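First the structure, in the form of structure tokens, and then the observations on it.
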Amino acid sequence: MSFPHTREYAQQLDREDVLAGYRKEFYLPKGSIYLDGNSLGLMSVRAEKSLLTVLESWREYGIDGWTVGKYPWFHLAERLGEMSAPLVGASPDEVIVTGSTTINLHQLTATFYRPQGKRTKIVADELAFPSDIYALKSQLRLHGLDPEDHLIRVKSRDGLTLDEEDLIAAMTDEVALVVLPSVLYRSGQLLDMERLTAAARERGIPIGFDLCHSIGAIPHQLSAWGVDFAFWCNYKYLNSGPGGVAGLYVNRMHFGREPGLAGWFSSNKEVQFDMSHQLTPADYAGAYQIGTPHILSLAPLIGSLEMFAEAGIESLREKSLRLTRYLMEMIGHHLTGMGFTIGNPVEDDRRGGHVCLIHEEAVRICKALKENGVVPDFRAPDIIRLAPVAFYTSFEEVWKAVQILKQIMEEKQYERYEKKRGVVA
Ligand SMILES: Cc1ncc(COP(=O)(O)O)c(C=O)c1O
């Protein structure tokens with residue numbers, strides 16, 4: 001498909017966009033085109049408002065804020081779980097908002113990894129986010145097993161993507177657990193979760209997914225697919241703020257299991273304050289909470305999830321696909337012969353919410369982009385991630401960002417910068 005490559009056409013796409021009205025609900029950094037919502041989503045007026053409401057409840061009610069006020073804190077994690085459930089295709093009690101991505105992976109591995117007989121290995125992949133690999137290795141060590149032998153990191157054929165065939169081939173009768181990403185954090189490849197889950201289930205292996213790069217960008221059907229568990233952060237596409245509390249999903253077929261890592265918030269809430277030393281775990285995903293919820297870091301998510309409920313994830317995905325398709329088309333048209341390649345799969349059903357642009361000068365190009373008011377994100381050694389976000393990026397901004405990039409390349413502006421990444425890339 002080919003588009004006219006003019007600014008007027010981009011403006012026309014914005015006029016036709018049914019979600020365009022949400023843009024004014026976000027605090028857009030002044031003078032910037034923000035294409036980094038897949039690292040940290042922007043603040044919305046509604047997220048700010050729900051945070052302020054929760055702060056007020058602390059000011060007004062002190063300890064009673066646990067049970068009174070607009071958003072009583074004691075059930076807030078459950079309430080947010082309910083609101084998150086449609087984004088992952090789950091029933092409300094299969095989701096809880098708790099912990100961080102990495103902590104939730106620890107919790108779920110501690111719960112679902114049960115090495116027995118010759119089934120002792122964990123399947124992951126060599127392109128996984130490092131924190132996931134660190135967590136899985138440390139869980140293996142806690143079982144007295146050597147990660148060198150027991151963590152299978154399935155290889156990529158091209159250094160960017162994974163082949164579902166290879167992942168399935170790794171699911172042998174020595175495997176006790178599979179943990180994979182939904183969308184790869186660098187290339188943006190969207191894996192076929194349904195197929196992978198079916199393969200794992202046929203072989204009797206529990207399977208979990210890291211949804212950090214798909215939650216809020218892509219619809220999921222975790223329950224219908226039969227996924228055992230999933231975990232994610234809420235600070236990327238879900239715009240809950242830096243370090244915002246994360247989420248997890250546990251399929252209801254596992255309700256009643258003892259959490260691998262227990263704490264008093266794993267408890268059935270009716271008996272939690274009996275203060276018994278015998279834990280009665282909640283009979284829903286809430287059992288995988290550990291300690292007191294971080295209320296102030298949960299609060300922005302209330303306002304943010306209201307926006308998702310209103311706009312609908314299908315509609316957001318549809319716009320996100322149009323934005324990334326438009327961006328790829330613009331890159332193809334304006335930046336040919338400048339040394340760029342597109343690293344993400346281009347098919348709609350195989351790409352996530354960002355475009356992965358590869359260039360040997362990526363680090364210096366990112367610095368030049370920032371200097372010119374475009375906020376990208378660099379992943380070593382040569383990847384520029386560009387994420388136009390359905391809620392707040394306009395087609396005209398995408399058009400403009402590509403013009404700026406073209407000028408940087410034509411004028412070799414990147415040569416002014418040091419070829420070294422920042423501490424936070
Ligand atoms: C794919 C993926 N997994 C795991 C993490 C780790 O998340 P956290 O630091 O919130 O535990 C991240 C963080 O960006 C991520 O992108």
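Values below: all heavy atoms of this structure, side chains included; hydrogens, waters and symmetry mates excluded. Keep in mind it's a predicted model, so treat the numbers as computed, not measured. Order of appearance sets the numbers: ligands from 1, and atoms from 1 within every ligand.
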[X] and [Y]: which non-hydrogen atoms are nearest, and at how many Å?
X: Val389; Y: Gly37; answer: CG2-CA, 3.9 Å
X: Phe255; Y: Asp93; answer: CZ-O, 3.3 Å
X: Leu19; Y: Ala311; answer: CD2-CB, 4.0 Å

Taking ring-ring contact (aromatic ring centres under 6.0 Å, His included) as the definition, give me every residue that meets it alongside His143, ordered by chain and number, with sequence neighbours left out.
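Residues passing ring-ring contact (aromatic ring centres under 6.0 Å, His included) with His143: Tyr113.
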
Heavy-atom cut-off of under 4.0 Å around ligand 1: list whichever protein residues fall inside it, by chain and number.
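Near ligand 1, by chain and number: Ser100, Thr101, Thr102, Phe129, Asp132, Asp210, Cys212, His213, Tyr235, Lys236.
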
Only counting residues at least two apart or in another chain, list the ones meeting side-chain contact (heavy atoms from CB on, under 4.5 Å) with Asp163.
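Counting only residues at least two positions away or on another chain, Asp163 forms a side-chain contact (heavy atoms from CB on, under 4.5 Å) with Arg157, Glu165, Asp166.
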
Donor-acceptor list for residues 199-209 side chains, cut-off 3.5 Å, not counting sequence neighbours:
from	atom 1	to	atom 2	distance (Å)
Arg201	NH1	Gly226	O	3.0
Arg203	NH1	Ala199	O	2.7

